[in-house]
Amino acid sequence: MNTRIYHTIDNQAIAEVGALLRAGGLAAIPTETVYGLAANALDADAVGKIFAAKGRPQDNPLIVHISTMEEMYPLVTAVPEQARRLADAFWPGPLTMILPRSERVPDVVSAGLPTVAIRMPSHPVARAIIRAAGVPLAAPSANSSGLPSPTNAKHVIDDMDGKIDAIVDGGDCDVGVESTVITLASDPPRLLRPGGVTPEQLEQVLGNIEIDPAVTGRLAEGAAAASPGMKYKHYAPRAEVTIVQGPLPSFRCYTDHVRQAGDAALCFAGEEDYLRIPAYDYGREDAPETQAHKLFARLRQMDALQVRRVFVRCPSQSGVGLAVYNRLLRAASFRTVHMPEIYGLTGPTGAGKTTVAALLAQKGFHVVDCDRLARRVTEKGSPTLQTLAAAFGADILLPDGTLERKALARKAFASPENEQKLNAITHPAITALARQEILACREQTSRVLVDAALLFASELYDYCFKTIVVTADPDVRQKRIMERDHLTQDEAAARMRAQPDAADYERRGDIVIRNNGGEIDLADVL
Ligand code: TXA
Ligand code: MG
């Protein structure tokens, strides 16, 4: 079939598309939400062609689009007071109401349900085409079933060229996700699909509403869906999508750990450069309308770029964010990873970090002890130990192949270059182990504490949502070091001098805890 594409929308174009629809043809038209694939809603044969063009399951009913209230009355058997109030508040606009269906609506439109979905779009081209057709238009989103809905004409052409009579190019859709669907057949009214009209806005008009569990949950196998569209895998690109919950630094930790060629991130605007995999933004974190506007185009772009796995920053669920989250859940087939908040713990030697770590462990933090990891990476036979021996000489090893720590320390701390060489070998290995430990505990805890003396010089710092610095007065620290490590006063002082200044630590910490003995105040952390 030759698909006529209208890039210029003038009166003649509107009249031609209207006539072709009235005569039983199929045309993709712009709306303020997404592009719709329209047919005469009163013509069962025409509507049947929609299912074929999309590859849509027959049991998934369509929305009927109208341009005036008068067009609604013949389609329904009753107009409840609540429907009138909603129409006054939100029509024309991105809201669909489920109402009792009249005989005029063919079975195929409603997939045999006793109800019909009705929406009055606000897009001027959609309205003009409905008027020109002179009949209500049944229109699902104009994508191949299962793919992300089209938000510009190029998306429609990719999916529908050659399968339908006409495509009307009205530019980018404003809202970007499909309309809000609410049923007034239940009491209180129930939100079946979130969209551009938010739950908060609906409650202002209706009072209390219910949110169908399928909005944020997965339907149980075989359960009946209030809205059949909810049960299908939807909005999904070919790439495997995973939603990662948790703050940005935790997202970075996760993607650093799992990354492979072919991965990409969908992140919030401004975060791209912070990530180590190719990253594309879908709007600012605090701008759910922008996220809705960009989401589907970004998902389609992932396929165009042949991305294999997409990791997505989890949007907030308030306002239009609920619609964004709902679409992402389906694009991800509900694949979601929860990452904990990662706190860094550091401080100068002798300040008593370990005491603070133990207290926070009691409060539910999982503590990742980097000293312990440092010993693990240099265990006998480990690749890191082999690299160290190659770099510093085999005499850092004892005859049985274990590390002689003192020998390594002598060499490594002999010059700043050597110290750098040591860190360049051990830090990446410690970081990898720390990440592994964080990923392993992520289902058990919502807060992780990474205890690392050299945190600020380490990549682990990039994973920290907040840093806690523990300090104490110099004389207190000196005394502690002497007792702990059996050192003379001079030796302890030398240790302290070899480290960055305590003030340096304090300046960089988000939270500073003083530990001169006595009770430790954790109020700023908890
Ligand atoms: O923004 C939109 O609503 C777009 C544009 C084109 O208007 N249309 C759209 O249609 O998203 P579609 O077919 O992709 O989604 C219609 C949704 C489906 O989830 C379907 O199951 C539900 O509405 N639906 C339709 N009739 C229903 C009914 N009688 N009862 C419950 N759910 C219904
Ligand atoms: Mg759809």
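Atoms within each ligand, like the ligands themselves, are counted from 1 in listed order.
Those atoms of ligand 1 that come under 4.0 Å of a heavy atom in Leu62, given as number and element, are 25 (C), 26 (N). Listed by number with element, the atoms of ligand 1 under 4.0 Å from a non-hydrogen atom of Thr33 are 1 (O), 2 (C), 4 (C), 5 (C). Listed by number with element, the atoms of ligand 1 under 4.0 Å from a non-hydrogen atom of Leu113 are 28 (C), 29 (N), 30 (N). Every atom of ligand 1 with a heavy atom of Thr115 under 4.0 Å away is listed here by number and element: 28 (C), 29 (N), 30 (N).
Residue contact annotation: Ser149 places no N/O/S atom under 2.8 Å from the Mg ion (ligand 2).
Note: an N/O pair closer than 3.5 Å links Ser141 and ligand 1 by distance alone. In terms of polar-atom proximity, Ser110 is not counted as a contact of ligand 1, lacking any N or O under 3.5 Å from an N or O of the ligand. Distances between N or O atoms of His65 and those of ligand 1 include at least one value under 3.5 Å. Ligand 1 has no N or O atom lying under 3.5 Å from any N or O atom of Lys54, backbone or side chain.
Summarising the local packing, CD of Gln12 is surrounded by 12 or fewer heavy atoms from other residues, nucleotides or ligands at distances under 6.0 Å. Within 6.0 Å of the CD atom in Gln444, the count of heavy atoms belonging to other residues, nucleotides or ligands exceeds 12. Residue Arg284 qualifies as open at atom CZ: its count of foreign heavy atoms under 6.0 Å is 12 or below. Few gaps surround CZ on Arg335; more than 12 heavy atoms of other groups in view lie less than 6.0 Å from it. Residue-environment remark: CG (Asp10) exceeds the threshold of 12 foreign heavy atoms within 6.0 Å. Sparse packing is recorded around CD of Gln306, with 12 or fewer heavy atoms of other residues, nucleotides or ligands lying under 6.0 Å away.
Under 4.0 Å from ligand 1, not a single heavy atom of His123 appears. Contacts with ligand 1 closer than 4.0 Å are made by side-chain heavy atoms of Asn60 only, the backbone lying farther away. Counting heavy atoms under 4.0 Å from ligand 1, residue Ile98 touches it through the side chain alone. If you look at Pro140 next to ligand 1, the close heavy atoms, those under 4.0 Å, come from the backbone and the side chain alike. By the criterion of a heavy-atom distance under 4.0 Å, neither the backbone nor the side chain of Arg101 is placed next to ligand 1.
Ranked by closest heavy atom to atom 16 (C) of ligand 1, the top entry among Asn143, Ile50, Ile63, Asp212 is Ile63. The residue among Pro61, Ala139, Gly36, Cys173 with a heavy atom at the shortest distance from atom 33 (C) of ligand 1 is Pro61.
Nearest approach of Pro247 to Glu341, heavy atoms of both residues: CG-CG, 3.9 Å.
No option in Arg127, Arg119, His65 other than Arg119 meets the side-chain hydrogen bond (donor to acceptor under 3.5 Å, both in side chains) test with Thr31.
For the pair Arg435 and Tyr463, the NZ or CZ position fails the cation-pi test of under 6.0 Å to the six-membered ring centre and within 45 degrees of the ring normal.
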What verdict does the side chain to side chain contact (heavy atoms under 4.5 Å, CB included) test give for Ile182 and Leu206, after you've listed the backbone C-alpha separation in whole Å, the side-chain angles of each residue and the deciding distance to 0.1 Å?
CA-CA 11 Å; Ile182 188 163; Leu206 296 176; 3.7 Å; yes
